[in-house]
Trainee: 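This is the structure I have questions about; it appears just below.
To find a chain, count down the sequence lines: A is the first, B the second, and so on, and within it residues start at 1.
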4 protein chains.
Amino acid sequence: MTDAPPPAGPGRRRRGPSPAKTAATRRALVEAGLALFLDTGYGATRMSDVALRAGLGKGTIYLHFSDKAALFDAVVREVALRTRAQRALPRPRPNEPTRDFLRRVVPPLLGLFRDSGLSRVILLVASEGARLPEVADVYRQVIIDPVLRIVVLYAGRAERRGELRAGPLSRHPLIMVAPVVVTTLYNTLFAGAAPVDVLATFDDFLDLLFAAGAKSPA
Amino acid sequence: MTDAPPPAGPGRRRRGPSPAKTAATRRALVEAGLALFLDTGYGATRMSDVALRAGLGKGTIYLHFSDKAALFDAVVREVALRTRAQRALPRPRPNEPTRDFLRRVVPPLLGLFRDSGLSRVILLVASEGARLPEVADVYRQVIIDPVLRIVVLYAGRAERRGELRAGPLSRHPLIMVAPVVVTTLYNTLFAGAAPVDVLATFDDFLDLLFAAGAKSPA
Amino acid sequence: MTDAPPPAGPGRRRRGPSPAKTAATRRALVEAGLALFLDTGYGATRMSDVALRAGLGKGTIYLHFSDKAALFDAVVREVALRTRAQRALPRPRPNEPTRDFLRRVVPPLLGLFRDSGLSRVILLVASEGARLPEVADVYRQVIIDPVLRIVVLYAGRAERRGELRAGPLSRHPLIMVAPVVVTTLYNTLFAGAAPVDVLATFDDFLDLLFAAGAKSPA
Amino acid sequence: MTDAPPPAGPGRRRRGPSPAKTAATRRALVEAGLALFLDTGYGATRMSDVALRAGLGKGTIYLHFSDKAALFDAVVREVALRTRAQRALPRPRPNEPTRDFLRRVVPPLLGLFRDSGLSRVILLVASEGARLPEVADVYRQVIIDPVLRIVVLYAGRAERRGELRAGPLSRHPLIMVAPVVVTTLYNTLFAGAAPVDVLATFDDFLDLLFAAGAKSPA
DNA sequence: AATGAATGAGTGTTCATTCAT
DNA sequence: TATGAATGAACACTCATTCAT
């Protein structure tokens with residue numbers, strides 16, 4: 001279902017359009033697919049619209065993807081990789097409290113989370129995940145699990161430094177991402193309601209989490 | 001879009017089938033719709049299958065609901081009300097620590113959350129929410145917001161009792177429900193992965209939250 | 001296909017609703033059917049609407065008519081008979097020129113033609129005639145042919161009196177009704193265009209027809 | 001509602017099937033539609049049957065016509081234009097009596113009227129005209145009104161030549177076409193009855209009309 | 001490689017007709 | 001007789017996918 005592009009290794013090519021152009025076509029399709037899937041959802045997106053938006057013919061899609069599902073898969077992977085690519089997570093300074101470190105590091109990530117469309121893709125995957133379990137799993141492996149590993153890493157540091165009660169967070173790292181995910185979902189889903197401030201919520205969440213560590217010195 | 005059943009006021013007795021039977025038919029349709037929407041999603045559920053599952057003819061659906069969307073709306077409302085009906089939230093005992101109270105009270109609610117299909121309905125609403133914003137909003141008003149109001153209530157209590165740093169939670173009550181929602185989503189979405197223990201996660205979350213209050217006495 | 005009402009002969013009745021009421025119900029249905037068939041056409045008229053308009057239940061129709069087609073048949077017959085009932089065609093005065101006689105007699109008939117809905121029924125029969133040939137034939141026998149016989153009658157008189165060239169009109173009486181039918185059709189069909197004056201057209205037609213007789217005295 | 005074929009201007013050559021083939025497909029659909037609409041009427045004609053008869057897939061229809069109504073519209077226009085195309089109405093010879101001219105000219109037109117299906121299309125339009133008023137109006141503008149203009153033209157000639165009483169016919173040209181229309185309708189509608197001879201009727205009609213002119217010389 | 005006309009399975013919805021009450 | 005809830009055959013229309021060009 002994946003339809004990966006043929007490895008661009010410099011084997012015997014020549015003849016036929018340049019691989020560069022092929023890749024460009026493919027990219028245009030993924031881009032168009034991303035935009036439309038996000039806007040209209042998987043089911044309501046017509047293949048013909050994807051082709052139209054990509055400035056290509058309907059049939060062309062099938063030269064690059066076996067299926068609507070395969071296109072969707074490619075779109076999700078694309079967003080996943082694109083987000084990962086900008087990772088470059090900074091490390092805490094030698095004696096920096098973990099809480100300060102998180103305050104410094106998370107907001108830009110959230111901006112990325114929002115702007116990359118990742119949050120809307122989560123919803124999208126949630127929508128179609130049941131029907132396309134492989135897509136959901138790709139998503140988990142490429143995006144969710146790495147994030148959780150990082151949480152575990154810094155949870156360990158905070159625990160070792162006595163900033164956090166040992167155990168809970170490194171056992172259940174989802175706790176850390178939960179507020180951001182939920183507030184984002186809330187805002188996306190209930191567009192009619194007053195939006196919740198994702199960043200402020202996360203900040204208050206940190207306050208609660210590190211209250212013990214923050215208080216005890218006093 | 002709601003197609004509510006006509007108020008069963010004791011008007012002039014109707015000839016033909018009893019109103020009771022009519023209500024039963026409606027209920028059967030909602031039930032069948034619920035099961036299928038949950039299992040297959042909105043788009044993939046065929047009206048004919050709903051009828052089949054309800055043991056009724058296809059046309060019968062349209063005697064009770066104007067539309068597929070109207071049926072979906074009714075299904076969501078039904079689940080919402082059904083869940084609310086079993087509320088009967090106990091109150092904390094006079095001197096009971098809020099944390100103990102939550103430990104005592106939340107697990108049954110979680111069971112309800114899981115068993116009522118509410119968690120899957122959340123996903124369902126999330127899936128189709130974009131296409132059916134009114135449904136999403138009904139959902140928020142009937143389910144989400146009341147829960148948040150209760151959270152604010154007990155957050156205030158905990159803060160007044162010095163169990164929690166004042167402010168964060170009553171400002172952003174979503175923090176409280178986030179771990180449960182996210183772990184439930186995780187389990188529903190990534191059926192392929194090892195499931196996360198929702199209850200244990202919530203417990204650990206409480207540990208972190210009330211760490212300050214638990215520690216300081218020591 | 002006719003579903004005539006059971007002969008009301010005073011056999012063993014008693015028990016069950018009075019035949020009078022039955023007839024009234026039947027009449028209500030025919031009336032409702034007439035109105036709706038004329039307004040919306042045969043195909044677009046729903047049986048449920050007929051029932052609604054008659055203030056009866058859907059099922060009741062089928063106690064009186066086996067079929068939608070049977071109802072239509074009854075409606076057409078009803079209009080046919082109703083129109084005939086008001087016949088009472090006056091006779092020409094002893095020495096009255098046929099042309100004057102027609103001028104005197106036809107306009108009220110045209111009013112009847114228009115007001116009885118007969119013209120619209122013609123269109124209706126024309127619409128569905130192909131699908132319901134028996135209805136069309138009933139129509140011809142009950143309405144058209146009698147009219148043509150009358151035309152033949154007076155055509156003979158006019159010819160005998162030297163008012164009209166002998167032969168053409170009594171051979172082809174349709175000629176006489178043609179202008180009225182065509183102008184009525186025109187007005188009904190092309191509601192967007194300026195309507196043609198049916199009466200004035202008929203008058204001019206008479207002028208042409210009797211020009212010879214009218215002129216020769218000069 | 002018209003779905004006219006895009007102007008075949010010599011733009012950038014399209015890949016894929018030739019425009020010629022596209023036009024042929026369209027034509028096949030109109031042809032099939034014509035045949036079936038005439039045979040079974042608008043309502044009773046199934047789109048799938050149109051496709052079948054055209055030797056095409058069901059979906060193909062919708063590449064050329066947005067709607068069943070649009071197809072009907074195209075069919076009616078097609079017949080209208082087809083009939084007009086064969087116009088080439090001859091003119092009266094210098095001193096030819098108008099009546100002789102009409103006798104010479106009308107019969108072939110009647111043949112065309114009959115064979116082109118125009119008469120049946122009139123009935124068809126009459127059937128659906130109420131539901132599709134635009135179609136009826138197209139019909140009037142393209143077929144009916146031009147014919148009436150020609151009638152007015154020759155009515156004037158006949159009147160000027162003293163063959164006809166001045167006024168009536170040029171005021172109400174429908175009189176001229178009425179016998180043909182009515183006899184054709186009669187034959188089409190009452191297939192069960194003995195058919196009326198359209199041509200003979202028209203001939204007798206001319207006899208009556210021009211009786212004055214024919215008589216007075218005597 | 002690229003195209004878009006052609007396809008036809010699949011779906012929501014309507015409505016004449018039936019029948020238990 | 002009267003009713004109206006229930007039925008399911010029927011139909012217009014959509015859209016992912018194919019393939020001749």
Trainee: In terms of the nearest nucleotide of DNA chain F, which residue is placed more toward the 5' end: D:Gly59 or C:Gly55?
Mentor: C:Gly55
Trainee: Expressed as a whole number of angstroms, how long is the span from C:Phe65:CZ to F:dT1:P?
Mentor: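 My rounded result for the distance is 13 Å.
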Trainee: In whole angstroms, how far is the C1' atom of F:dA5 from the CZ atom of B:Arg26?
Mentor: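 These atoms are roughly 15 Å apart.
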Trainee: Can you check the D:Leu52 CG to F:dC11 C1' distance for me, whole Å?
Mentor: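 Interatomic distance, CG of D:Leu52 to C1' of F:dC11: 15 Å.
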Trainee: Scan B:Lys58 against the nucleic acid and name what it touches under 4.0 Å (heavy atoms): base, sugar-phosphate only, or nothing.
Mentor: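 Contact class for B:Lys58: base.
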Trainee: Does A:Thr25 have a side-chain nitrogen or oxygen under 4.0 Å from the phosphate oxygens OP1 or OP2 of E:dA2?
Mentor: yes
Trainee: Side chain of B:Lys21, base of F:dG4: donor and acceptor closer than 3.5 Å?
Mentor: no
Trainee: Rounding to a whole Å, what distance do you find between B:Tyr42:OH and E:dG12:C1'?
Mentor: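 For the pair B:Tyr42 OH and E:dG12 C1', the rounded distance is 10 Å.
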Trainee: Go through the structure and list residues passing ring pair (Phe, Tyr, Trp, His ring centres under 6.0 Å) with D:Tyr42, not counting sequence neighbours.
Mentor: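 Residues passing ring pair (Phe, Tyr, Trp, His ring centres under 6.0 Å) with D:Tyr42: D:Phe37, D:Phe72.
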Trainee: Please state whether the phosphate of F:dA5, meaning OP1 or OP2, lies under 4.0 angstrom from any side-chain nitrogen or oxygen of B:His64.
Mentor: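 No.
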Trainee: Would you say F:dT3 has OP1 or OP2 under 4.0 Å from some side-chain N or O of C:Thr60?
Mentor: yes
Trainee: With DNA chain E as reference, determine whether D:Gly57 or C:Ser48 sits nearer its 5' end, using the nearest nucleotide of each.
Mentor: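 Result: D:Gly57.
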Trainee: To the side chain of D:Lys68, which of F:dC13, E:dT17, F:dA16 is closest?
Mentor: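 So the nucleotide nearest the side chain must be F:dC13.
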Trainee: Does B:Thr45 or C:Gly43 map to a spot on DNA chain E nearer the 5' end, using the closest nucleotide for each?
Mentor: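 Closest to the 5' end, via its nearest nucleotide, is B:Thr45.
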Trainee: Please work out if D:Ile61 contacts a base, only the sugar-phosphate, or nothing of the nucleic acid, heavy-atom cut-off 4.0 Å.
Mentor: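 Result for D:Ile61 = nothing.
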Trainee: Drop me the distance from A:Thr40's OG1 to A:Arg46's CZ, to the nearest 0.5 angstrom.
Mentor: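 It comes to 8.5 Å.
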Trainee: Please determine whether a side-chain nitrogen of the Lys or Arg among B:Arg53 and B:Asp49 lies less than 4.0 Å from a carboxylate oxygen of the Asp or Glu.
Mentor: no
Trainee: What is the distance, rounded to the nearest whole Å, between atom CG of C:Leu36 and atom P of E:dA16?
Mentor: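 Taking atom P of E:dA16 as the reference, CG of C:Leu36 is at 11 Å.
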Trainee: Where the side chain of A:Leu63 is concerned, which of F:dA12, E:dA2, F:dT7 is the nearest nucleotide?
Mentor: E:dA2
Trainee: How does DNA chain F read in dot-bracket, base by base from 5' to 3', with Watson-Crick or G-U pairs under 3.5 Å and | used when the partner is on another strand?
Mentor: .||||||||||||||||||||
